[in-house]
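As the structure is a prediction and not an experimental result, all values here were calculated from the model. Any value given below was found using the heavy atoms of this structure, including those in side chains, with hydrogens, waters and symmetry copies removed.
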Amino acid sequence: MKLIDVLILSFSLALIVVGIHQTLVNGIGSAYAIFMFAVGLLFWFQLRRNQNQKPPEEISQKSTKPKKKS
């Protein structure tokens, strides 16, 4: 994981904690924007993680056993 990915994930988790605190103190109406920003950051993190993965290597047909002739 790169530094920017760690920062995005950490910031989104911190916003979730702040959103929970704001929900308990002031209600969900005041914490809604905080939760939506945190969810947006989590989606961005997932998108970056999926883009950085390499596609799986194709399985070569040489590794399969040859069929027996009848």
Any link between L15 and L24 through a network of hydrophobic side chains (Ile, Leu, Val, Met, Phe, Trp, Tyr) touching at under 4.5 Å? yes
Kindly state each residue pair satisfying salt bridge (charged side-chain N to carboxylate O under 4.0 Å, His left out) with at least one member in residues 24-36, sequence neighbours excluded. none
According to side-chain hydrogen bond (donor to acceptor under 3.5 Å, both in side chains), who are the partners of N50, at least two apart in sequence or on a separate chain? none
side-chain contact (heavy atoms from CB on, under 4.5 Å) involving L42 - partner list, sequence neighbours excluded: L9, S12, I16
Under a single-linkage definition using a 4.5 Å side-chain heavy-atom cutoff for Ile, Leu, Val, Met, Phe, Trp and Tyr, are I8 and V6 assigned to the same hydrophobic cluster? yes
Would you compute the distance between atom CH2 of W44 and atom CD1 of I4 and round it to the nearest 0.5 angstrom? 5.5 Å
Which hydrophobic side chains are connected to L7, either touching it within the sub-4.5 Å cutoff or through other members that do? L3
Listed partners of V17 passing side-chain contact (heavy atoms from CB on, under 4.5 Å), at least two apart: none
What pairs meet the salt bridge (charged side-chain N to carboxylate O under 4.0 Å, His left out) rule with one or both residues in residues 12-21, with sequence neighbours excluded? none
Using the rule that two of Ile, Leu, Val, Met, Phe, Trp, Tyr join whenever any of their side-chain heavy atoms come within less than 4.5 Å, decide whether F43 and L13 are in one cluster. no
Taking side-chain hydrogen bond (donor to acceptor under 3.5 Å, both in side chains) as the definition, give me every residue that meets it alongside R48, ordered by chain and number, with sequence neighbours left out. D5
Which residue pairs satisfy the salt bridge (charged side-chain N to carboxylate O under 4.0 Å, His left out) criterion with at least one member in residues 35-46, sequence neighbours excluded? none
For residues 30-46, which residue pairs qualify under salt bridge (charged side-chain N to carboxylate O under 4.0 Å, His left out), counting only residues two or more places apart or in two chains? none
Determine all donor-acceptor pairs shorter than 3.5 Å in which one atom belongs to a side chain in residues 25-40; sequence neighbours excluded.
from, atom 1, to, atom 2, distance (Å)
N26, ND2, Q22, OE1, 2.9
S30, OG, G27, O, 3.1

